[in-house]
Amino acid sequence: MRISELKDFVDQQVEITGWVIGKRSSGKIHFILIRDSSAFCQVVVAEKEVHPEVFEQCKHLNIETVIKIKALAVEEPRAKLGYELHLKDMEVLSTPVDEYPIPRKPSGPDFLLNYRHLWIRSPRQSAIMRIRSKVISAIRNYLDQQGFYCVDTPIFTASSCEGTTTLFKVDYFNQDVFLAQTGQLYNEATALCLDKVYCFGPSFRAEKSKTRRHLTEFWQVEPEFLFARLEDIINLAEGMIVRIVEEILTHHQIDLKILDRDISKLEQVKAPFPRMTYDQALQLLQEKNISAEWGKDFGAPEETKISESFNSPVCIHRYPSAIKAFYMKQAPEDNRLALGVDILAPEGYGEIVGGGVREEDIAILEQRIDQHQLNRDDYQWYLDLRRYGSVPHGGFGLGIERTVAWICGIHHIRETIAFPRTIDRIKP
RNA sequence: UGCUCGGUAGCUCAAUUGGCAGAGCGGGUGGCUGUUAACCACUAGGUUGUGGGUUCGAGUCCCACCCGAGCAGCCA
């Protein structure tokens, strides 16, 4: 049985296999902290209640010793989870051959990332990984229930998709190919046969970004569907985010507690999210005495200021067309604006969703490709989608790491993936 | 890529004006029956990021390089 199930076994004898994460001792009584795959818990060892050999063994338990224990589960209000274990018997299954490199007291990120393969064992990091897993399954379940098909798009791509960001070049049998930065263009193709589709996979950006919101390898889910109006796209993203938050609040209270997450902040996330145009967002910034020029994208400080005004994620739509991707459809009422939407997470976690309506007219799309100084030849297959049976469509991408960072309330997205890839870190 | 800050024990950090290399944690040994990053005593543990320079003397000052962090741009 697992530590997270202790609440169902109060005053009963339980058997648990766990890893030692710390110990304290007062001579005739030891306090051992153990973790298993579900949570962590304190084990109390009284000299009178165990065999002398077991008591002596407990004196020498180092971090990451693996023990199998028989103990009584007891309610304990002082404990973080509300329970502790009173040891009856213990068997040592594995003794570390060396001192564990990671101390219990705080260490710096450089050191911890060098030992990432061990750091992930800490209660905090494990809690984040469990939450990430649930975020992903919540997304998949939500889309499945809405009738979406999962279509996996290629990682190797022949050329730039969006043309804006730097790509990783790979040698592909003596040919230069690139790691995908998005699956969207491919799923515009699959949407024209299956209608509601999504891809879920890693994306790669070779930009030399060194911020707490960037990784070179990150994961995103990208739904795409036919006859999508901007409103439909926002509704789908909103429903997805609400579902994610509900699932985490329902199933991961222990993990949120381990992370010291302020749950009231997540409980305030309710549909409908506030929606405003880019112009209205500029106005909001002006009211807060922040000057932002029309025509420029918001930077991190502006995004933080906007999201601080709301308890739920905020949807900002109709950005200037010039700062958005070439495939973004222009607003019929004002062609300087794009039918695109960004959703900013609360508490300054920044953009977690970007999406919009795609341009379905081949003439306009060709013009846009030229304006962005992209090579038309690279996009012939994409233009075919407009040549044959073109209909309005759209979708969005949701960044997994940024979403998990927000849900968990952690500062840097490198902790939201088991083995983060950043500009200068490829090991372990 | 730019700006700012940093690199001293396994980890977190001190070291006054340029003058003996230090502490806490972690490890080891001993003590303590309710500890929550427990505490107390003893003990082991150092090529001060690398290379050069100034100086009687450099962790400290100068130059170059390497590495890291924060922020920005770009974006999920």
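Everything quoted here is computed from the prediction, not taken from an experiment. Each chain gets a letter, A, B and so on, in the order its sequence line appears, and its residues count up from 1.
Distance OH (Y319(A)) to C1' (A76(B)): 13 Å, rounded to an integer number of Å. For the pair I21(A) CD1 and A37(B) C1', the computed distance is 12 Å after rounding to whole Å. In this structure, Y115(A) places its OH atom 18 Å from P of G26(B), rounding to the nearest Å. For the pair K324(A) NZ and C75(B) P, the computed distance is 7 Å after rounding to whole Å. Atom CD1 of I423(A) and atom C1' of C71(B) are 14 Å apart (whole Å). Rounded to whole Å, the distance from CZ on R212(A) to P on C74(B) is 17 Å. In this entry the distance linking NZ of K105(A) with P of G27(B) reads 11 Å, nearest Å. Atom CD1 in I63(A) sits roughly 12 Å away from atom C1' in G10(B) (whole-Å rounding).
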The test is salt bridge (charged side-chain N to carboxylate O under 4.0 Å, His left out); show your working for E302(A) and K305(A) and say whether it passes. CA-CA 5 Å; E302(A) 288 85 21; K305(A) 272 293 164 198; over 6 Å; no
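Between A38(B) and R104(A), a contact under 4.0 Å exists linking OP1 or OP2 to a side-chain N or O. For A38(B), one of the phosphate oxygens OP1 or OP2 lies less than 4.0 angstrom from a side-chain nitrogen or oxygen of R24(A). Residue R213(A) has a polar side-chain atom (N or O) positioned under 4.0 Å from OP1 or OP2 of A72(B).
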In B/S/- notation, 5' to 3', how is nucleotides 3-9 of chain B contacted by protein heavy atoms closer than 4.0 Å? -------
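Using a 4.0 Å heavy-atom cutoff across all strands shown, I102(A) reaches no nucleic acid atom at all. H214(A) comes within contact range of at least one nucleobase, with a heavy-atom separation under 4.0 Å. Within the nucleic acid shown, G299(A) comes within 4.0 Å of sugar-phosphate atoms alone, with no base atom in reach, counting heavy atoms only. Nucleic acid contact for F111(A): sugar-phosphate only, since backbone atoms but no base atoms lie under 4.0 Å from a heavy atom of the residue. A79(A) comes within contact range of no nucleotide atom at all, as no heavy-atom separation falls under 4.0 Å. Across all strands, T403(A) comes closer than 4.0 Å to no nucleic acid atom at all (heavy-atom distances).
Residues from residues 340-358 of chain A lying near RNA chain B, meaning a heavy-atom separation below 4.0 Å, are E351(A), I352(A), V353(A), G354(A) in numerical order.
You'll find that the side chain of D297(A) is closest to C75(B), out of C75(B), C71(B), A76(B). Counting only heavy atoms from C-beta on, N62(A) has its side chain closest to G28(B) among A76(B), G28(B), C75(B). In this structure, of A69(B), G68(B), C74(B), it is C74(B) that holds the atom nearest to the side chain of E207(A). Across C25(B), A76(B), U12(B), the shortest atom-to-atom separation from the side chain of R402(A) is found for A76(B). Considering only side-chain atoms of I413(A), the nucleotide from C74(B), A76(B), A69(B) that sits closest is A76(B). Nearest nucleotide to the side chain of P103(A), out of C11(B), A37(B), C74(B): C11(B).
Interatomic distance, CD of E76(A) versus SG of C41(A), reported as 10.0 Å (0.5 Å rounding). Going from atom CG of L33(A) over to atom CZ of R24(A) covers 5.0 Å, rounded to the nearest 0.5 Å.
Shown here is Q12(A), whose CD atom has more than 12 heavy atoms of other residues, nucleotides or ligands within 6.0 Å. Surrounding OH of Y149(A) are at most 12 heavy atoms belonging to other residues, nucleotides or ligands under 6.0 Å away. Within a 6.0 Å radius of OH in Y115(A), other residues, nucleotides and ligands contribute 12 heavy atoms or fewer. The number of heavy-atom neighbours closer than 6.0 Å to NZ of K296(A), taken from other residues, nucleotides and ligands shown, is 12 or below.
Without hydrogens or angle criteria, Q125(A) side chain to S122(A) main chain gives no donor-acceptor distance under 3.5 Å. Remark: side-chain polar atoms of T304(A) are paired, donor with acceptor, to backbone N or O of A300(A) under 3.5 angstrom.
With a cut-off of 3.5 Å on both Watson-Crick or G-U wobble distances, the partner of C5(B) is given as G68(B). Applying the Watson-Crick and G-U wobble criteria (two distances, each under 3.5 Å), A15(B) pairs with nothing in any strand. In this structure, A41(B) and U29(B) make a Watson-Crick or G-U wobble pair, each of the two defining distances being under 3.5 angstrom.
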Is there any protein nitrogen or oxygen under 3.5 Å from a nitrogen or oxygen in nucleotides 32-34 of chain B, and what are the pairs?
| residue | atom | partner | partner atom | Å |
| --- | --- | --- | --- | --- |
| C32(B) | N3 | S25(A) | O | 3.3 |
| C32(B) | N3 | G27(A) | N | 3.3 |
| C32(B) | N4 | G27(A) | N | 3.3 |
| U33(B) | OP2 | S26(A) | O | 3.3 |
| U33(B) | OP2 | K28(A) | N | 3.3 |
| G34(B) | N1 | E84(A) | OE2 | 2.9 |
| G34(B) | N2 | E84(A) | OE1 | 2.8 |
| G34(B) | N2 | E84(A) | OE2 | 3.0 |

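E401(A) pairs with exactly one of R132(A), R213(A), R414(A) by the salt bridge (charged side-chain N to carboxylate O under 4.0 Å, His left out) rule, that one being R132(A).
Below 30°, between 30° and 60°, or above 60°: for Y278(A) and W294(A) the angle between ring planes is above 60°, a perpendicular geometry.
Residue whose closest nucleotide on RNA chain B sits further toward the 5' end, between S107(A) and Y100(A): S107(A).
Looking at S209(A), its side chain comes within 3.5 Å of the base of C74(B) through a donor and an acceptor atom.
Taking the side-chain hydrogen bond (donor to acceptor under 3.5 Å, both in side chains) definition, one finds that K88(A) meets it with E49(A), sequence neighbours left out. Applying the salt bridge (Lys or Arg N to Asp or Glu O under 4.0 Å) criterion to D260(A), with sequence neighbours excluded, gives K80(A). Partners of D279(A) according to the salt bridge (Lys or Arg N to Asp or Glu O under 4.0 Å) rule, which considers only residues two or more places apart in sequence or in another chain, do not exist here.
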